**Student:** 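Attaching a single structure in structure tokens format; questions to follow.
Because the structure is predicted, anything quoted here is derived from the model rather than measured.
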Amino acid sequence: KNEVEQSPQNLTAQEGEFITINCSYSVGISALHWLQQHPGGGIVSLFMLSSGKKKHGRLIATINIQEKHSSLHITASHPRDSAVYICAVRGNNDMRFGAGTRLTVKP
Amino acid sequence: DAGITQSPRHKVTETGTPVTLRCHQTENHRYMYWYRQDPGHGLRLIHYSYGVKDTDKGEVSDGYSVSRSKTEDFLLTLESATSSQTSVYFCAISEGPGQPYEQYFGPGTRLTVT
């Protein structure tokens, strides 16, 4: 079993829909990251959080440390949000990554 | 954007040949990492460096070696490439090993071993 599990693996939505991507982990962490990878491969960090909730524009990330679970929400989704979203957990010296959720938003 | 470049960006090589991938940073970050990304798997750590000449193994280090002779450069070498090493390789940098330090990723190198 992977230490970081994401669901769903693939997600197709219509423009404007509210989207949720989930991440569960089984190890102790110092922080959790949400990353975005566009076609063409570049990886950028969206959020780093260790408790509570963070919001940036239409993106919201939450984490429940007791449940070892995090969610990434996208409100009013847009085709430009189409990408692979990756959850990663930070230990003391390393990061462990989920396999990613491929999101496609159709106009 | 963090100043990280990888070279080459694409490479096709034959089984048994040596291959070296280069990661170059202009941020003066202490930590550098090499990951590989394969379908169905998350990014997996190959090796990392916590300073000049200081390196350590990651989760999938077999068949790979690294060197860091300067702060700005981290080299990944496949001594004798195999088809199982066909992958996309990402370099990342960080000021420190854990929170609150972000990891910043390079653009990736797509390696095909035929």
**Student:** Enumerate the disulfide (SG to SG under 2.5 Å) contacts for residues 19-114 of chain B, please, sequence neighbours excluded, ordered by first and then second residue.
**Tutor:** B:Cys23-B:Cys91

**Student:** Which bit of A:Leu35 comes within less than 4.5 Å of chain B, counting heavy atoms only: side chain, backbone, both or neither?
**Tutor:** side chain

**Student:** Hydrophobic clusters here meaning ILVMFWY residues chained together by side-chain heavy-atom distances under 4.5 Å, can you tell me if A:Met95 and B:Val88 are in one?
**Tutor:** yes

**Student:** With the 4.5 Å side-chain cut-off for hydrophobic clustering, are B:Ile4 and B:Leu21 part of the same group?
**Tutor:** yes

**Student:** Hey, what do you get for CD1 (A:Ile43) to CG (B:Leu43), rounding to the nearest 0.5 Å?
**Tutor:** 4.5 Å

**Student:** So if you build clusters from Ile, Leu, Val, Met, Phe, Trp, Tyr with side-chain heavy-atom gaps below 4.5 Å, do A:Val89 and A:Ile65 land together?
**Tutor:** yes

**Student:** No hydrogens needed, just list the donor-acceptor pairs between chain B and chain A under 3.5 Å.
**Tutor:**
unit_1	atom_1	unit_2	atom_2	d
B:Gln37	OE1	A:Gln37	NE2	3.0
B:Gln37	NE2	A:Gln37	OE1	2.9
B:Ser94	OG	A:Arg90	NH2	3.4
B:Gly96	O	A:Arg90	NH2	3.4
B:Pro97	O	A:Arg90	NE	3.4
B:Pro97	O	A:Arg90	NH2	3.4
B:Gln99	NE2	A:Ser50	OG	3.3
B:Tyr101	O	A:Arg90	NH1	2.3
B:Tyr101	O	A:Arg90	NH2	3.1
B:Glu102	OE1	A:Ser45	OG	3.0
B:Glu102	OE2	A:Ser45	OG	3.2

**Student:** Find out if a path of hydrophobic residues (ILVMFWY) with successive side-chain heavy-atom gaps under 4.5 Å connects A:Ile60 to A:Ile19.
**Tutor:** no

**Student:** State plainly whether one hydrophobic cluster holds both A:Met48 and A:Leu32, where clusters connect Ile, Leu, Val, Met, Phe, Trp and Tyr through side-chain heavy atoms under 4.5 angstrom apart.
**Tutor:** no

**Student:** Which pair of non-hydrogen atoms, one from A:Ala99 and one from B:Gly40, has the smallest distance, and what is that distance?
**Tutor:** CB-O, 3.8 Å

